[in-house]
*Asks:* 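Handing you a structure now.
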Amino acid sequence: MLAGQFADARPSGSTRRCANCGCRLNRYNDGLRCFACSRGVTLPEASVPAIPLDVWSDREVQQALVERDFGALCLRVRGLTCMRQEDLVLLTGLSQPFLSMLESGRRKLTNIDKIVDLLAGLEVPEELAGLMLRKPDSYGVGKVGVTTPGVSPVPGDR
């Protein structure tokens with residue numbers, strides 16, 4: 001045996017796999033499971049993240065909604081809730097690479113259907129989402145111009 005070698009050391013060419021999912025383990029991971037499986041949640045109700053209602057009273061969140069800056073919105077929501085991008089992916093249906101580019105400002109969200117899905121997934125309150133971004137069932141199918149009590153149909157028209 002050469003100096004620095006140990007009897008139980010793995011050969012340099014072998015690939016270690018996660019005991020749970022079978023994915024390749026990072027060379028810095030000395031455990032038996034990958035990092036994703038290690039932080040896995042065992043409670044089924046905890047697997048879907050939720051955004052607390054007090055997030056919507058944050059000034060920066062409201063400003064991002066007014067400016068329709070969805071990257072800033074996602075970034076601020078994640079900062080206030082300690083969520084990961086993967087958590088927002090579960091809520092909104094956006095892909096993780098797109099969400100990353102959106103938050104960094106390299107991409108913009110312009111597709112109205114995706115914007116509605118994003119706001120619905122985040123459960124943005126209707127008074128903050130704006131009338132044009134509400135799902136049809138939130139104001140009645142085919143009913144144009146219906147307003148909700150206390151909400152102005154035109155932003156800033158109070």
Side-chain angles (χ1 to χ4, degrees), residues 1-139 141:
M1 196 170 351
L2 298 173
Q5 286 186 335
F6 299 98
D8 61 345
R10 291 181 303 276
S12 61
S14 69
T15 303
R16 295 183 319 119
R17 301 269 177 200
C18 173
N20 194 34
C21 68
C23 74
R24 193 170 145 199
L25 291 176
N26 185 315
R27 67 179 174 175
Y28 301 110
N29 181 349
D30 57 355
L32 298 175
R33 296 188 305 160
C34 67
F35 293 118
C37 290
S38 295
R39 69 172 181 254
V41 180
T42 57
L43 300 174
E45 64 273 4
S47 63
V48 177
I51 298 175
L53 291 177
D54 62 338
V55 166
W56 307 116
S57 62
D58 181 72
R59 193 176 198 73
E60 292 181 37
V61 167
Q62 291 178 357
Q63 187 63 31
L65 283 166
V66 166
E67 295 174 357
R68 303 294 186 228
D69 186 350
F70 301 111
L73 172 68
C74 292
L75 197 57
R76 183 65 179 163
V77 166
R78 285 194 324 105
L80 291 171
T81 60
C82 298
M83 287 186 169
R84 300 171 296 149
Q85 284 184 341
E86 291 83 9
D87 297 328
L88 282 190
V89 165
L90 286 174
L91 290 174
T92 63
L94 297 175
S95 70
Q96 188 279 325
F98 183 81
L99 182 60
S100 177
M101 289 185 284
L102 185 66
E103 288 183 350
S104 68
R106 290 184 289 161
R107 295 287 302 266
K108 296 287 182 196
L109 189 58
T110 56
N111 182 316
I112 192 71
D113 292 330
K114 291 217 182 270
I115 292 171
V116 171
D117 289 343
L118 171 75
L119 297 178
L122 294 176
E123 295 181 359
V124 177
E126 288 185 7
E127 55 272 6
L128 295 175
L131 183 61
M132 71 172 215
L133 296 179
R134 292 189 190 146
K135 291 251 185 209
D137 60 350
S138 69
Y139 57 84
V141 178

*Asks:* Other residues, nucleotides and ligands only: do more than 12 of their heavy atoms fall within 6.0 Å of CZ on R24?
*Replies:*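 Counting other residues, nucleotides and ligands, CZ of R24 stays at 12 neighbours or fewer.
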
*Asks:* Between atom SG of C74 and atom CG of L118, what is the distance when rounded to the nearest 0.5 Å?
*Replies:*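 Nearest 0.5 Å value for the SG-CG distance: 4.5 Å.
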
*Asks:* Can you see which heavy atom on C21 is nearest to which on C18, and at what distance?
*Replies:*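 Where C21 meets C18 most closely, the heavy atoms are N-SG, 3.4 Å.
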
*Asks:* Which value, rounded to the nearest 0.5 Å, describes the distance between R17 atom CZ and L25 atom CG?
*Replies:*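 Going from the CZ atom of R17 to the CG atom of L25 covers 8.5 Å.
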
*Asks:* Tell me whether the count of non-hydrogen atoms from other residues, nucleotides or ligands lying under 6.0 Å of CZ in R107 goes above 12.
*Replies:*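 No, CZ of R107 has 12 or fewer neighbouring heavy atoms, counting only those of other groups under 6.0 Å.
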
*Asks:* Please report the interatomic distance CG(L94) to CG(L102), rounded to the nearest 0.5 Å.
*Replies:*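 Going from the CG atom of L94 to the CG atom of L102 covers 7.0 Å.
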
*Asks:* When rounded to the nearest 0.5 angstrom, what is the spacing between CG in L119 and CG in L109?
*Replies:*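 That separation rounds to 8.5 Å.
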
*Asks:* Would you find a donor on one side and an acceptor on the other, under 3.5 Å apart, between the side chain of T92 and the backbone of L88?
*Replies:*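 Between the backbone of L88 and the side chain of T92 there is a qualifying donor-acceptor contact (under 3.5 Å).
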
*Asks:* Please indicate whether E86 has more than 12 foreign heavy atoms, meaning atoms of other residues, nucleotides or ligands, lying under 6.0 Å from its CD.
*Replies:*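 Counting other residues, nucleotides and ligands, CD of E86 exceeds 12 neighbours.
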
*Asks:* Can you measure from CZ (F70) to OG1 (T110) and round to the nearest 0.5 angstrom?
*Replies:*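 F70 atom CZ to T110 atom OG1 measures 10.0 Å (nearest 0.5 Å).
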
*Asks:* Find out whether Q63 and R76 are in side-chain contact, i.e. whether some heavy atom of one side chain is under 4.5 Å from a heavy atom of the other.
*Replies:*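 Q63 does not reach R76 side chain to side chain.
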
*Asks:* If you define the side chain from C-beta out and look only at heavy atoms, does anything of S100 sit under 4.5 Å from P97?
*Replies:*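 Counting from C-beta outward, S100 and P97 never come under 4.5 Å.
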
*Asks:* Sub-3.5 Å donor-acceptor pair from the side chain of Q62 to the main-chain atoms of W56, do we have one?
*Replies:*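 Such a contact is found between Q62 side chain and W56 backbone.
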
*Asks:* T81 versus P52: any side-chain heavy-atom pair under 4.5 Å?
*Replies:*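 The answer is yes, as the side chains (C-beta and beyond) meet within the 4.5 Å cut-off.
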
*Asks:* Quick one: does any side-chain atom of R84 pair with a main-chain N or O of R78 as donor and acceptor, under 3.5 Å?
*Replies:*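 No: the side chain of R84 does not pair with the backbone of R78.
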
*Asks:* Quick one, L91 with M83, criterion side chain to side chain contact (heavy atoms under 4.5 Å, CB included). Give me CA distance, side-chain angles, the key distance, then yes/no.
*Replies:* CA-CA 11 Å; L91 290 174; M83 287 186 169; 4.1 Å; yes

*Asks:* With rounding to the nearest 0.5 angstrom, report the CD to CG distance, E127 to L65.
*Replies:*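 If I round to the nearest 0.5 Å, the distance is 11.0 Å.
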
